[in-house]
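One structure is given here, and the rest of the page talks about it.
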Amino acid sequence: MATAVAVLDVKDFKPEVPPDWCPGCGDFGVLNGLFHACAELGRQPHEILVVSGIGCSSNLPGFFRSYGVHSLHGRALPFATGAKLSNHEMTVIVTGGDGDGYGIGLNHFIQAMRRNIDLTYIVMNNEIYGLTTGQVSPTSETGMITKTTPHGNLEGMLNPIALALASGCGYIARGFSGQPKHLQKLYADAVRYPGFALVDVFSPCVTFNKHNTYDWFRKRVYRLEDTAHDSTDFHAAMDRALEWGEKIPIGLFYRNPNPRPTLHTDDPGLQAGVLVRQAAGVGRAERQKLIAEFT
Amino acid sequence: MNEPDVVVGIGGAAGDGVASAGNTLALSVARQGQAVYAYNSYQSVIRGGHSWLRLRISAKKPLNHGDQVDALVALNQDTLDRHLQELVAGGAVLYNSAKLQPAYAAPPGVQLCPLPVPDLTPAYRDLPVMQNTVAVGAVIHLMGLDFKGLESVLESTFAKKPQVVKTNVEAARAGYDYAVAHFTPLAKQLHATSQRWALVTGNELMAMGAAFAGCKFYCAYPMSPATHILEWLTAHAKELGICVRQVEDEISVINMAIGASHMGVRALCATSGGGFALMTEAVGLSGMLETPVVVVNVQRAGPSTGVPTKTEQADLNQAFGASQGDFPRIIMAPLSMPDCFAMPALAFNVADRYQCPVIILSDLLMGEGNETVDPALLDVDFEIDRGELITSPDGRGAAREPYLRYKDTPSGISPRAVPGVPGYLHVAASDEHDEDGVLISDVYTDTVRRKKMADKRSRKMADVLKHLPAPTLVGPADADVTLVGWGSTWGVISEAVERLNREGISANHLQIKFLVPFHVAEITAALSRSRKIIVVENNQSGQFARHLRAETGITAHGHIRKYDGEPFEPKHVVAGAREILERGTAVVEVLSTEPGWQTEHPTGTAGDWTGRAVATAHTSSVAT
């Protein structure tokens with residue numbers, strides 16, 4: 001993309017407030033990758049809006065120097081959708097956790113992909129509820145023992161990658177916070193993708209998830225970029241999405257080679273340009289035409 | 001009040017075309033200078049059931065749908081059976097004689113007007129709905145109006161299909177001519193005037209009023225009776241440059257609207273009580289982020305799914321209590337359909353100025369009712385006050401102090417920069433935060449900052465009232481009784497108060513539009529001379545009466561309440577006031593008993609104290 005002029009530095013996105021995550025939290029790697037990706041993208045901090053929900057990971061906007069919104073639990077995507085439609089020149093990045101996005105906010109996640117709103121959605125997936133101190137999550141493995149599943153999780157694991165494929169998401173990737181350089185590339189490509197982009201990130205909770213640890217992931221993850229995987233092939237992506245166990249793929253699963261129009265490009269009300277710059281109110285001639293429809 | 005008014009009732013099953021026949025009639029008479037107020041009592045079915053539309057028509061603008069029937073257009077046997085007995089002397093009943101026959105004798109002085117529809121329009125054979133066109137033609141004549149209004153409406157309705165225009169105009173003309181030749185005009189005759197009228201619903205006015213007031217973003221989930229706001233805005237989104245989206249649920253709706261507003265556009269969303277319940281948490285988000293949003297609740301009868309097609313004013317407590325915690329909110333209720341037009345402009349202005357949620361409580365009666373409005377009154381270029389909004393980097397000096405989004409100012413209002421403007425970076429958080437937006441929620445007991453920020457927000461409410469006109473007492477100052485209502489009951493109470501004064505009971509009227517904040521001083525003063533205070537409201541528990549007492553300490557002497565799904569009619573309020581004054585009744589609960597309905601749905605009501613003549617002799621002859 002021609003817009004990627006690397007005149008910015010990582011420090012441009014670092015605020016004075018340091019993250020208050022637990023030492024060793026996977027979210028540090030996620031944030032670091034985002035600093036580098038934004039520096040690479042060349043967007044000024046005031047041209048970026050980071051919207052989050054609620055949870056440990058949703059504190060991220062407070063630790064990132066740009067415009068930010070720390071919204072309600074599970075509602076970051078609708079908030080960000082309204083924001084993007086209102087000013088589609090902004091780069092809008094949504095961050096949150098698995099409970100926020102795949103639990104309480106799951107409906108919005110599916111709808112946002114279906115309507116192809118041009119957002120980048122980064123989910124810090126730690127397979128546990130951390131801020132509430134260790135309850136089962138939609139992405140916890142079946143059988144996993146947590147505070148609320150003392151006899152093991154009876155429910156199946158939600159597969160966000162397969163769900164995203166089925167929901168029409170055009171850019172689907174997975175990263176691991178143990179590999180921030182890799183994350184940087186996935187984020188930058190996700191932001192550049194014209195449409196809804198998902199980056200699910202394995203971001204270990206060192207305090208409450210003693211099962212899915214850094215070591216657990218390091219032993220299993222492999223990069224799709226190191227294989228012959230064709231990321232333009234939907235069916236191949238679905239096959240990879242279903243892999244789980246001894247080997248777990250990360251990297252780019254799918255990038256739609258023929259992206260659908262984004263919501264803001266086709267919305268009838270946005271044809272005159274960026275909404276927030278349009279004059280408010282209705283001129284006299286137009287008013288009289290509308291009133292005449294009632295006579 | 002010397003102008004005669006005619007109430008036309010049109011009844012049929014869903015699918016018989018009651019609403020479109022009513023719309024054609026209303027527009028036709030409006031084009032002859034007649035004002036209309038119409039209310040459709042319908043069921044939540046797409047086919048079948050009973051739909052009962054009443055149109056009150058007069059050269060003098062009616063404020064409600066009245067409480068009698070002068071002309072009945074029966075589209076099916078059920079309607080004829082139910083409503084024939086309600087007609088008043090001098091009235092007429094029109095029906096297709098090829099299909100329907102009265103099952104009992106008409107009340108004295110009521111004219112039977114059988115229309116041999118198959119003989120009047122050959123199109124009827126393939127298109128049964130043509131009976132409606134014939135009947136509308138006939139009733140226009142009976143009211144004393146000429147044919148040209150109806151003809152022009154049919155021409156514009158079917159403008160793209162000349163053959164359909166021809167068929168309809170011929171059928172309508174045949175009905176009109178048949179009435180000229182065979183029927184006696186109604187006792188009450190209307191006279192054409194040169195006044196132009198726009199025929200509107202409260203929902204359409206709410207939508208158009210919002211657009212005129214600068215609304216740029218609207219989203220909603222379809223929910224009766226608010227859906228027509230979405231439909232009007234969708235239909236006009238492209239030409240007006242408004243982003244209008246249908247969204248997966250009302251949780252998403254309000255969060256999306258707040259998100260849009262956060263970036264600097266005026267955003268509106270509308271729903272009914274059930275949807276508003278889902279929005280609740282985000283009402284508080286708007287309060288905490290200090291990002292304005294305007295939410296319309298077009299109330300219907302609750303609780304839960306309730307009665308989706310019936311009206312009620314029972315969501316007041318819900319609006320008071322929407323969302324946890326303390327934060328500034330503004331709640332207002334339009335008094336009439338024309339008020340639905342002006343209210344979004346006011347709501348947007350105070351929402352922007354005070355950076356808080358504004359809740360508008362409309363209801364099904366206004367939202368879906370039809371009324372004529374002088375079109376000149378709709379051509380309004382509303383004043384748009386965005387409050388302290390920063391949309392460009394101008395005005396920031398070289399010696400920049402850090403921008404504090406939530407600056408603790410004397411007014412409590414902090415200048416609001418929208419994302420995208422260089423130099424004003426900040427995070428807006430639903431957690432408690434300090435002036436710079438940084439969270440204090442995770443800080444160990446920072447009591448001082450927490451209290452400071454809560455106080456800052458609540459301080460904003462101190463001068464909201466200066467933007468909201470206080471209610472005034474209408475009628476004799478020294479009246480025996482004061483009727484107090486809120487929202488949509490304005491028109492019906494106004495007429496009831498007039499009638500009470502005519503009947504020798506000195507009465508005045510106070511109607512409340514602004515619920516929060518409340519004009520405590522003005523309302524207390526207005527009611528201080530009242531000998532008897534009666535609160536009239538469309539709910540069971542007296543939600544407004546409790547609010548009045550909580551805010552002012554004033555306890556009403558009597559209550560007239562209605563929660564049977566149907567709106568008040570003037571006679572209900574007159575009879576209720578008399579009951580309270582003459583018999584000392586504390587709470588009068590009004591029930592609209594339709595005599596003919598009792599065989600289907602026995603209500604157990606022995607009589608109808610509201611004064612309607614219950615034709616008990618006829619109830620046994622009702623066929624279903």
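Keep in mind that what you see is a predicted model, and the values were worked out from it rather than measured. All chains are named by letter (A, B, ...) in the order of the sequence lines, taking the proteins before the strands, and each is independently numbered beginning at 1.
Here the options are Leu263(A), Val274(A), Leu275(A), Val276(A), the test is side-chain contact (heavy atoms from CB on, under 4.5 Å), and the partner is Leu85(A); only Leu263(A) passes.
In terms of non-hydrogen atom pairs under 4.5 Å with chain B, the most contact-rich of Gln44(A), Gln271(A), Arg65(A) is Arg65(A). Highest contact tally toward chain A, considering only Asp379(B), Ile254(B), Leu240(B), Ile242(B), is held by Asp379(B) [criterion: heavy-atom pairs under 4.5 Å]. By number of non-hydrogen pairs under 4.5 angstrom with chain B, the leading residue of Gln288(A), Arg115(A), Gln278(A) is Arg115(A). Contacts with chain A were tallied for Arg245(B), Arg266(B), Arg31(B), Arg196(B); Arg245(B) has the most, counting heavy-atom pairs under 4.5 Å. Counting heavy-atom pairs closer than 4.5 Å to chain B, the top-ranked of the candidates Ala83(A), Ala280(A), Gly273(A) is Ala83(A). Heavy-atom pairs under 4.5 Å with chain B were tallied for Gly105(A), Ser86(A), Pro15(A), Gly283(A); the largest tally goes to Ser86(A). Chain A forms the most heavy-atom pairs under 4.5 Å with one residue out of Ala260(B), Ala210(B), Gly264(B), and that residue is Ala260(B). Note on Arg114(A), His73(A), His264(A), His108(A): by heavy-atom pairs under 4.5 Å with chain B, the leading option is His108(A). Of the listed residues Lys238(B), Met263(B), Glu248(B), the one with more heavy-atom pairs under 4.5 angstrom with chain A than any other is Glu248(B). Counting heavy-atom pairs closer than 4.5 Å to chain A, the top residue among Ala211(B), Ala417(B), Ala237(B) is Ala211(B). Each of Ser66(A), Gly62(A), Ala272(A), Ala292(A) has some count of heavy-atom pairs under 4.5 Å with chain B, and the biggest count is that of Ser66(A). Chain A forms the most heavy-atom pairs under 4.5 Å with one residue out of Arg386(B), Met288(B), Glu281(B), and that residue is Glu281(B).
A side-chain donor-acceptor contact under 3.5 Å links Thr132(A) and Gln135(A). Side chain to side chain, Thr201(B) and Asn370(B) fail the donor-acceptor criterion of an N or O pair below 3.5 Å. Residues Ser137(A) and Asp98(A) bring a donor and an acceptor atom of their side chains to less than 3.5 Å of each other.
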- List the steps, then state whether ring pair (Phe, Tyr, Trp, His ring centres under 6.0 Å) holds for Tyr187(A) with His36(A). CA-CA 9 Å; Tyr187(A) 294 155; His36(A) 284 90; over 10 Å; no

- When you look at Tyr403(B) and Leu425(B), which way does the side chain to side chain contact (heavy atoms under 4.5 Å, CB included) test go after all the steps? CA-CA 8 Å; Tyr403(B) 169 65; Leu425(B) 294 184; over 6 Å; no

- Task: Under the side chain to side chain contact (heavy atoms under 4.5 Å, CB included) rule, what do Thr193(B) and Gln32(B) come out as? Steps first, then yes or no, please.
- Result: CA-CA 6 Å; Thr193(B) 80; Gln32(B) 294 196 39; over 6 Å; no

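Shown here are the side chain to side chain contact (heavy atoms under 4.5 Å, CB included) partners of Thr91(A), two or more places apart in sequence or in another chain: Arg43(A), Ile48(A), Ile93(A), Val191(A).
Proximity to chain B is absent for every atom of Glu47(A), based on heavy atoms less than 4.5 angstrom apart. Contacts between Val153(B) and chain A at a heavy-atom distance below 4.5 Å are absent for every atom of the residue. For Val438(B), the part sitting under 4.5 Å from any heavy atom of chain A is the side chain, from C-beta outward, and nothing else. At a 4.5 Å heavy-atom cutoff, the contact between Leu199(B) and chain A is made by backbone and side-chain atoms alike. When heavy atoms are compared at a cutoff of 4.5 Å, Ala282(B) approaches chain A by way of both its backbone and its side chain. Proximity to chain A is limited to the side chain of His236(B), based on heavy atoms less than 4.5 angstrom apart. Contacts of Thr81(A) with chain B are made by both backbone and side-chain atoms, with heavy-atom separations under 4.5 Å. If you measure heavy-atom distances from Leu49(A) to chain B, the contacts under 4.5 Å come from the side chain alone. In this structure, chain B has a heavy atom under 4.5 Å from the side chain of Ile54(A), while its backbone stays farther away. Heavy atoms of His426(B) lying under 4.5 Å from chain A belong to its backbone as well as its side chain. Contact of Lys84(A) with chain B is not made at all, since no heavy-atom distance falls under 4.5 Å. Interface remark: Ala279(A) contributes backbone atoms only to the contact with chain B (heavy atom separation under 4.5 Å). Within the 4.5 angstrom heavy-atom criterion, only side-chain atoms of Val17(A), from C-beta onward, approach chain B. Of the two parts of Leu27(B), only the side chain, counted from C-beta on, holds a non-hydrogen atom closer than 4.5 Å to a non-hydrogen atom of chain A.
Taking 4.0 Å as the cut-off between side-chain N and carboxylate O, Arg277(A) and Glu89(A) count as a salt-bridged pair. Salt bridge absent: Arg75(A) and Asp100(A) never bring a charged side-chain N and a carboxylate O closer than 4.0 Å.
Residues Pro261(A) and Asn116(A) approach most closely at O-ND2, 3.1 Å, considering heavy atoms.
More than 12 non-hydrogen atoms from other residues, nucleotides or ligands lie less than 6.0 angstrom from CZ of Phe327(B).
In this structure, Phe294(A) and Trp232(B) have parallel ring planes: the angle between them is below the 30° cut-off, well short of the 60° mark. Aromatic ring pairs are classed by plane angle as parallel below 30°, tilted from 30° to 60° and perpendicular above 60°; the pair Trp21(A) and Phe63(A) is perpendicular.
Within the 4.5 Å cutoff, the side chain of Phe341(B) has heavy atoms near those of the Val380(B) side chain.
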